[in-house]
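To start, the structure under review is shown below, and the notes come after it.
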2 protein chains.
Amino acid sequence: MKGIRQLAEHLDISIGTVSRALNGKPDVKEETRRRVLAAAEELGYVANQSGRSLRQGETKVIGLMIESSQEAVENADNFFLGVTSGLQHVFARHQLDLLMLPCPADEDPCEYLKRMVARRVVDAMIISNTQRVDRRVDLLSRAKIPFAAVGRSLSAGNFPWVDLDFEGVAERAVERLVARGHRRIGITAPSSEVNLGYVFVESYRRALERHGIPFDPSLVIRVKSSEQGGYQAAHELLQLEDRPTAVILIYELMAIGLYRRLMEAGIRIGRDLAVIGFRDAPRARFLQPSLSCFRMSLYDLGIALGQTLLANMPAYRAFYPDGGRNIVWPLELVPGESDAFEVEAQA
Amino acid sequence: MKGIRQLAEHLDISIGTVSRALNGKPDVKEETRRRVLAAAEELGYVANQSGRSLRQGETKVIGLMIESSQEAVENADNFFLGVTSGLQHVFARHQLDLLMLPCPADEDPCEYLKRMVARRVVDAMIISNTQRVDRRVDLLSRAKIPFAAVGRSLSAGNFPWVDLDFEGVAERAVERLVARGHRRIGITAPSSEVNLGYVFVESYRRALERHGIPFDPSLVIRVKSSEQGGYQAAHELLQLEDRPTAVILIYELMAIGLYRRLMEAGIRIGRDLAVIGFRDAPRARFLQPSLSCFRMSLYDLGIALGQTLLANMPAYRAFYPDGGRNIVWPLELVPGESDAFEVEAQA
DNA sequence: ACTGTAGGCGGAAACGTTTTTGGATGTCAA
DNA sequence: TTGACATCCAAAAACGTTTCCGCCTACAGT
């Protein structure tokens with residue numbers, strides 16, 4: 001089976017009518033439609049997507065921009081996979097496919113994005129890991145390409161995003177630790193240029209000040225969100241003159257490195273030092289001692305993200321009437337042993 | 001910038017010449033080519049992919065078929081992400097994009113695949129999790145669609161695949177355990193319809209028999225390769241009259257559940273029971289006691305997979321002259337504490 | 001009997017490329 | 001002067017689809 005032309009000839013019908021029949025358009029007799037559908041099924045005809053895209057000006061493909069370096073992938077852990085899975089769940093309903101767009105490490109992400117958009121290979125984009133000032137957001141907004149982002153940004157005013165409730169996490173973590181008597185609380189975070197890095201630390205600072213605890217910049221450890229980063233964070237904490245009695249981790253994978261370094265130093269987690277983590281993966285539960293952790297469903301986050309995107313695309317808006325924008329995704333605390341102790345009040 | 005037509009008008013040149021200039025074809029004066037390239041750069045022209053695909057009959061997109069159920073994704077862990085990353089590294093060199101094709105849980109994978117191929121939305125396919133008899137392999141072979149698989153299969157005789165060295169793992173695991181005095185060795189595996197499940201157990205059986213140990217089917221535990229599967233596996237092992245002194249896990253994530261159940265039963269891993277795992281993720285090292293594990297680089301596996309595919313596509317074959325097929329990927333043993341003991345000889 | 005209307009359909013244009021064909025120009029040798 | 005050949009380019013065909021336009025028929029209303 002080559003194309004719609006052969007199908008039309010086989011049926012002795014014009015190709016226009018065949019197209020209308022297949023696409024459920026009006027102006028086709030019901031009997032004709034049945035014949036066409038039956039013949040298409042029998043001959044295994046499926047419309048060529050390139051021809052269709054060319055004519056309609058839309059590709060039915062959503063692009064997902066990702067960092068492609070080996071390091072980035074290994075650290076991303078299952079985050080992408082989880083979110084992607086949720087995205088696909090939403091997209092499948094509309095016969096949309098998901099195209100992974102890995103920006104080469106040696107190319108400017110913005111240029112790469114511009115090229116992909118100009119190629120018209122995608123109808124819309126998903127971006128993640130937004131910077132505090134993110135040129136990609138500007139670009140997509142100006143080019144009027146529908147998009148949604150994982151993570152807020154200051155760029156381009158109002159745009160569709162889904163983000164994790166970092167404020168809530170920082171706040172509740174501080175609250176929980178303060179309630180147990182802690183006064184010196186460390187925190188790890190990525191660079192403040194990454195929006196997450198900024199927001200997380202700001203919320204932590206506000207929460208501290210709300211409890212009358214002064215903010216001490218030396219307790220903010222900027223390291224990579226990886227096992228190695230955790231090791232280094234522990235290392236830096238140990239250097240401090242006035243060590244904290246608790247530490248908040250932005251990513252639970254860091255706990256592996258952090259635990260190791262602290263154990264080397266003879267510090268007992270859950271007795272000498274409290275630890276609270278974030279973004280539970282199965283491994284978090286299996287640390288010794290088990291890690292208190294704020295967790296969520298990546299799959300559900302992906303679904304929300306997909307719906308947010310589609311709600312901002314004219315062709316799909318109707319399916320998601322209340323699929324607004326700007327979702328702040330809540331997290332749930334799963335208590336563990338790593339912070340299950342109280343500290344005596346200090347001077 | 002709309003299309004090549006506008007670019008041609010702007011240059012006062014025919015569109016045919018513009019196209020040839022941009023694509024590096026001959027029959028273009030060098031000065032003209034420079035002018036065209038400069039104008040394209042200045043006006044930000046990039047060829048529309050739909051038009052190009054339609055004309056050329058190829059899309060520059062490689063499809064990656066995946067199972068999309070939430071459960072499948074959660075258990076797949078970072079396998080896909082790691083392999084995907086390697087794939088993209090290879091594809092990026094040829095400006096190929098990777099399209100994720102999640103087969104809906106309620107659709108026959110073969111039908112889904114057939115539709116995607118008929119739509120001509122991809123030039124080639126990657127499939128994984130091959131069955132021992134896999135209709136997808138038949139389909140793709142017959143349709144002459146270039147493809148590569150993760151995992152062997154009996155279907156369709158000779159086709160391009162990359163697989164892990166399960167034989168080697170089973171063999172070396174048995175060897176290692178026998179050398180430590182074990183005679184009753186259990187093993188976990190997926191259903192024998194999945195090629196992995198068959199090959200793994202067969203290799204284990206042969207390795208046993210080579211050491212004069214009779215094969216006992218009751219020691220083969222068929223469970224899901226997940227944390228829950230590990231828990232269940234431990235449960236079944238405990239039911240056995242004549243319990244094994246060692247067990248080989250097909251996936252290290254299972255260790256989490258297995259450890260838990262065995263600890264509940266008061267069995268000391270690394271003393272009463274030896275455990276060896278497979279496919280190291282960071283968490284494997286952090287079990288207590290640490291898990292002996294056969295590991296590999298998913299990224300490198302992805303690269304090999306991508307090269308195997310391209311070596312089987314006429315348009316790219318020249319780039320991978322020795323990029324043969326049928327790679328059996330080796331694994332490396334990282335010793336841990338979970339099997340670090342010897343067992344006294346039994347009657 | 002004539003007109004208006006609706007349903008059903010065929011024909012053709014259009015989408016943006018690449019590629020083929022052939023024509024124009026210039027150069028060189030016979 | 002003519003023919004042969006190379007170089008450069010314009011024009012048009014082709015890829016497969018959707019959609020616009022208009023024609024035909026049947027039928028109802030006048």
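What you are looking at is a predicted structure, and each value in this text was computed from that prediction instead of being measured. To find a chain, count down the sequence lines: A is the first, B the second, and so on, and within it residues start at 1.
Looking at the side chain of A:I13, the nearest of the listed nucleotides C:dT17, C:dG10, D:dC9 is C:dG10. Among the nucleotides D:dT17, D:dA11, C:dG10, the one closest to the side chain of A:R20 is C:dG10. For A:T17, whose side chain is taken as the heavy atoms from C-beta onward, the closest listed nucleotide among D:dC9, C:dC9, C:dT19 is C:dC9. Among the nucleotides D:dT19, C:dT19, C:dC9, the one closest to any side-chain atom of A:K25 is D:dT19. Checked against D:dT18, C:dG10, D:dG16, the side chain of A:N48 finds its nearest nucleotide in D:dG16.
The residue from A:L301, A:T130, A:N195 that alone fulfils the side chain to side chain contact (heavy atoms under 4.5 Å, CB included) condition with A:D163 is A:N195.
Taking atom NZ of residue B:K29 and atom C1' of nucleotide D:dC9, one finds them 10 Å apart after rounding to whole Å. Distance, B:Q49 CD to C:dT18 C1': 12 Å, rounded to whole Å. What separates CD1 of B:I4 from P of D:dC15 is a distance of 19 Å, to the nearest Å. Atom-to-atom, CD of A:Q6 to C1' of D:dG16 comes out at 10 Å; the value is rounded to the nearest Å. When rounded to the nearest whole Å, the span between CG of A:D12 and C1' of C:dG8 equals 16 Å. Straight-line distance from the CG atom of B:L54 to the C1' atom of C:dT18: 10 Å, rounded to whole Å. Between the P atom of D:dT18 and the CG atom of A:L7 lies a distance of 11 Å, rounded to the nearest Å. Whole-Å rounding puts the A:R35 CZ to C:dG8 P distance at 14 Å.
In this structure, B:R33 and A:I15 both approach DNA chain D, and ranking their closest nucleotides by distance from the 5' end singles out B:R33. Along DNA chain D, the nucleotide nearest A:N23 and the nucleotide nearest A:D27 are compared for position; the residue whose nucleotide lies closer to the 5' end is A:N23.
A side-chain donor-acceptor contact under 3.5 Å links A:N48 to the backbone of A:S50. Although no hydrogens or angles enter the test, the distance criterion places a donor-acceptor pair under 3.5 Å between the side chain of A:N312 and the main chain of A:T308.
Checked by distance alone, A:R55 brings a side-chain donor or acceptor within 3.5 Å of a matching partner on the base of D:dT18.
For the OP1/OP2 pair of D:dG16 and a distance below 4.0 Å, the side-chain nitrogens and oxygens of A:R52 include no atom meeting the criterion. Distances shorter than 4.0 Å separate none of the side-chain N or O atoms of B:Q56 from OP1 or OP2 on C:dT17. When the side-chain nitrogen and oxygen atoms of A:T32 are compared with OP1 and OP2 of C:dC9, one or more of them lie within a distance under 4.0 Å. Between A:K2 and D:dG16, a side-chain N or O to OP1/OP2 separation shorter than 4.0 Å is absent.
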Practice prompt. Decide side-chain hydrogen bond (donor to acceptor under 3.5 Å, both in side chains) for B:R120 and A:Q49; before the verdict, give the C-alpha distance in whole Å, the side-chain angles of both, and the deciding distance to 0.1 Å.
Written response: CA-CA 6 Å; B:R120 299 265 158 218; A:Q49 184 62 41; over 6 Å; no
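Residue-level contact check: A:R120 touches neither bases nor backbone, having no heavy atom under 4.0 Å from any strand.
In this structure, A:Q56 places its CD atom where more than 12 heavy-atom neighbours from other residues, nucleotides or ligands lie under 6.0 Å away. The local environment of CZ in B:R115 is crowded, with over 12 non-hydrogen atoms from other residues, nucleotides or ligands closer than 6.0 Å.
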